[in-house]
Amino acid sequence: MPEGPELHLASLFVNKVCDGLRFGGKVEKSEVSKNPEVPFSCPEYTISAVSRGKEVKLILTPVADADEVASVIFRFGMSGSFKFTAEDEIPKHAHLRFFTVDVPRKVLCFVDPRRFGTWEYNGTWKPERGPCVMMEYEKFRENVFKHLSDKAFEKPICEVMLNQKYFNGIGNYLRAEILFRLKIPPFMPARAVLESVRNQSQVLNADLPLSKKVKIKKENPDLLQLCNLVPMEVIQLGGKGYDPGHGEDYAAFEQWLQCYFVPGMKSLRDSNGRTIWFQGEPGPLAPKGKGKKVRKQRKSVDIDAKPVKAETNATKRKAAKAKSTTVKKECKEEVMEEGGETAVKRKRAKTTENSMGDSKIISAGERGTHLRSKRKIVDNLEVKISRRLSQQSPVPKTPARKRKAAKLLADDTPTPKPRPRRLKSDVSKQSQNSPKPRTRRK
DNA sequence: CGTCCACGTCTAC
DNA sequence: TAGACCTGGACGG
């Protein structure tokens with residue numbers, strides 16, 4: 001669950017389910033967790049929560065003596081969340097548990113399958129982390145401008161956006177969504193991008209009626225504003241935000257995504273090995289790397305038709321990654337593409353394309369039009385799809401058939417096959433307004 | 001069954 | 001700039 005919005009939603013969840021409840025006794029920690037014990041014990045206490053960026057603080061207030069408050073600060077890692085259940089339904093991976101006094105007892109649990117999450121008893125917000133992009137917007141904005149000369153900003157904007165010293169709360173899906181909305185190439189130099197934001201806002205401060213300024217700002221939010229607005233949209237969606245596997249709410253969230261993991265978008269590994277999703281040009285600081293390495297494509301209905309040289313890549317990757325320890329050093333592999341071209345595969349610098357693996361189509365489309373983003377995407381997809389169709393026989397509709405078709409295609413057209421991992425797509429969901437081929441889990 | 005990938009930090013060469 | 005830290009789901013064979 002874990003980017004800023006999920007943490008904030010978690011705090012809202014705690015405040016909702018714990019409202020009016022009395023907790024008591026000891027706080028239990030799982031054996032397996034390496035996090036510290038929480039040596040708080042009290043006959044009766046209440047629980048409330050607040051969030052800041054990617055941290056949440058639980059506040060434990062003794063009923064008898066409200067001055068004896070204690071707190072626990074949580075960071076969710078990749079899979080942390082809070083759950084509130086009956087005592088006999090404590091979920092797997094519940095590593096910290098708070099019990100109600102009243103029976104049947106209920107339990108507030110910190111659940112974290114991967115255990116990358118951490119907590120600190122009576123800790124503070126991590127001092128290195130900047131102001132919250134959602135709840136401390138003005139401070140956040142000032143903090144960025146104030147440090148623009150720092151070395152940290154000599155990197156691609158997409159990488160700087162994951163730096164919690166300046167963008168506390170932004171994570172991998174948010175950076176993609178934000179950059180996508182402004183059509184900022186992810187590998188543009190961060191300082192240049194942000195200086196431009198600063199200059200623009202200064203221009204705005206010039207002579208214009210206040211109402212006019214407000215209007216302009218609202219209608220043309222800049223990058224930093226979007227670092228606040230986009231996460232706030234997720235909060236407004238309600239639900240749990242990014243929480244794959246949990247039905248209804250997740251479907252709404254997935255519908256909300258415009259770029260991250262969306263079929264038709266491109267993706268690349270940034271220099272830290274994180275996948276950045278985007279549309280259009282990657283930007284000047286994009287990772288080197290010879291040919292465009294394609295990656296997989298999710299098996300999804302519409303796009304599915306596209307085949308490509310799946311195995312070439314799959315095989316390469318496997319080889320490259322084989323021995324984690326010994327071989328890891330050798331990240332570069334010379335790979336002979338069937339098409340006759342050689343590509344250098346760097347373990348973490350692969351270019352990936354979605355479906356068609358034909359980036360030219362996208363570029364051309366973009367250059368030629370000023371359509372709105374959504375429309376663009378649709379257009380691109382349509383182009384791609386129609387191409388595919390024209391290139392081969394009618395597209396089979398069942399997954400099995402699709403796979404077969406893809407294979408056949410791959411046989412004569414050795415293109416690496418990208419395979420993003422969203423599940424099956426749902427054609428029926430596509431509408432003129434929300435064109436994206438979305439996939440959803442079953 | 002094995003491989004790849006995932007919403008994020010951390011610290012050790 | 002790599003690993004390390006973890007579990008589990010989707011896929012491919």
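Not measured: the values here are computed from a predicted model. Lettering of chains follows the sequences in order, A, B, ..., and the numbering in each one begins at 1.
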I want to check something: taking the side chain as every heavy atom from C-beta on, are I47(A) and L21(A) in contact at a cut-off of under 4.5 Å?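 I47(A) does not reach L21(A) side chain to side chain.
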
Applying salt bridge (charged side-chain N to carboxylate O under 4.0 Å, His left out), which residue pairs with at least one partner in residues 147-166 of chain A are found, sequence neighbours left out?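 Output for this query lists E154(A)-R191(A).
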
Among dC5(B), dC7(B), dC5(C), which nucleotide has an atom closest to any side-chain atom of K34(A)?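 Side chain of K34(A) sits closest to dC5(C).
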
Protein N or O to nucleotides 8-10 of chain B N or O, pairs below 3.5 Å:
{"residue": "dG8(B)", "atom": "OP1", "partner": "K54(A)", "partner atom": "NZ", "Å": "2.7"}
{"residue": "dG8(B)", "atom": "OP2", "partner": "N172(A)", "partner atom": "N", "Å": "3.2"}
{"residue": "dG8(B)", "atom": "OP2", "partner": "R274(A)", "partner atom": "NH1", "Å": "3.4"}
{"residue": "dG8(B)", "atom": "OP2", "partner": "R274(A)", "partner atom": "NH2", "Å": "2.5"}
{"residue": "dT9(B)", "atom": "OP1", "partner": "R129(A)", "partner atom": "NH1", "Å": "2.7"}
{"residue": "dT9(B)", "atom": "OP1", "partner": "R129(A)", "partner atom": "NH2", "Å": "3.2"}
{"residue": "dT9(B)", "atom": "OP2", "partner": "K54(A)", "partner atom": "NZ", "Å": "2.5"}

Atom-pair distance ([atom1] on [X]; [atom2] on [N]), nearest Å:
{"X": "W277(A)", "N": "dC5(B)", "atom1": "CH2", "atom2": "C1'", "result": "11 Å"}
{"X": "K151(A)", "N": "dT1(C)", "atom1": "NZ", "atom2": "P", "result": "10 Å"}
{"X": "Y250(A)", "N": "dA6(B)", "atom1": "OH", "atom2": "P", "result": "12 Å"}
{"X": "R115(A)", "N": "dC7(B)", "atom1": "CZ", "atom2": "P", "result": "20 Å"}
{"X": "E6(A)", "N": "dA6(B)", "atom1": "CD", "atom2": "P", "result": "16 Å"}
{"X": "F253(A)", "N": "dC7(B)", "atom1": "CZ", "atom2": "C1'", "result": "8 Å"}

For the residue pair F140(A) and Y137(A), does the interplanar ring angle fall in the parallel (under 30°), tilted (30 to 60°) or perpendicular (over 60°) class?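 Plane angle between 30° and 60°, so tilted.
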
Distances for protein N/O vs nucleotides 11-13 of chain B N/O pairs under 3.5 angstrom?
none

All stems with DNA chain B, defined as three or more consecutive Watson-Crick or G-U pairs under 3.5 Å: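 Expected stems, ordered by start: B:1-6 with C:7-12, B:8-12 with C:1-5.
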
In whole angstrom, give me the gap between the [atom1] atoms of [N] and [M].
{"N": "dC6(C)", "M": "dA12(B)", "atom1": "P", "value": "14 Å"}
{"N": "dC10(B)", "M": "dG8(C)", "atom1": "P", "value": "22 Å"}
{"N": "dT1(C)", "M": "dC7(B)", "atom1": "C1'", "value": "23 Å"}
{"N": "dC5(C)", "M": "dC13(B)", "atom1": "P", "value": "12 Å"}
{"N": "dG9(C)", "M": "dT9(B)", "atom1": "C1'", "value": "22 Å"}

Distance test, side-chain N/O of [X] to OP1/OP2 of [N], below 4.0 Å:
{"X": "K92(A)", "N": "dG8(C)", "value": "yes"}
{"X": "H93(A)", "N": "dC6(C)", "value": "no"}
{"X": "S79(A)", "N": "dG8(C)", "value": "no"}
{"X": "R269(A)", "N": "dT1(C)", "value": "no"}

Residues in salt bridge (charged side-chain N to carboxylate O under 4.0 Å, His left out) with E142(A), at least two apart?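 Salt bridge (charged side-chain N to carboxylate O under 4.0 Å, His left out) list for E142(A), sorted by chain: empty.
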
Who are the salt bridge (charged side-chain N to carboxylate O under 4.0 Å, His left out) partners of R115(A), not counting sequence neighbours?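 Salt bridge (charged side-chain N to carboxylate O under 4.0 Å, His left out) check on R115(A) returns nothing, list empty.
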
Test log, rule side-chain contact (heavy atoms from CB on, under 4.5 Å), inputs N143(A) and Y166(A): CA-CA 7 Å; N143(A) 186 244; Y166(A) 305 111; 3.5 Å; yes

Side chains of Y242(A) and E254(A): any donor to acceptor distance under 3.5 Å?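 Short answer, no.
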
Where [X] and [Y] come nearest, the two heavy atoms and their spacing:
{"X": "L162(A)", "Y": "G171(A)", "result": "CD2-C, 3.4 Å"}
{"X": "E120(A)", "Y": "T124(A)", "result": "OE1-N, 4.3 Å"}
{"X": "L58(A)", "Y": "A49(A)", "result": "CD2-CB, 3.7 Å"}

Kindly indicate whether a cation-pi arrangement holds for K183(A) with F180(A), taking the cut-offs as under 6.0 Å to the six-membered ring centre and within 45° of the axis.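 Output yes; distance and angle both within limits.
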
Please name the residue in the list R129(A), R52(A), R141(A) that meets the salt bridge (Lys or Arg N to Asp or Glu O under 4.0 Å) test with E136(A).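 Of the listed residues R129(A), R52(A), R141(A), the salt bridge (Lys or Arg N to Asp or Glu O under 4.0 Å) partner of E136(A) is R52(A).
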
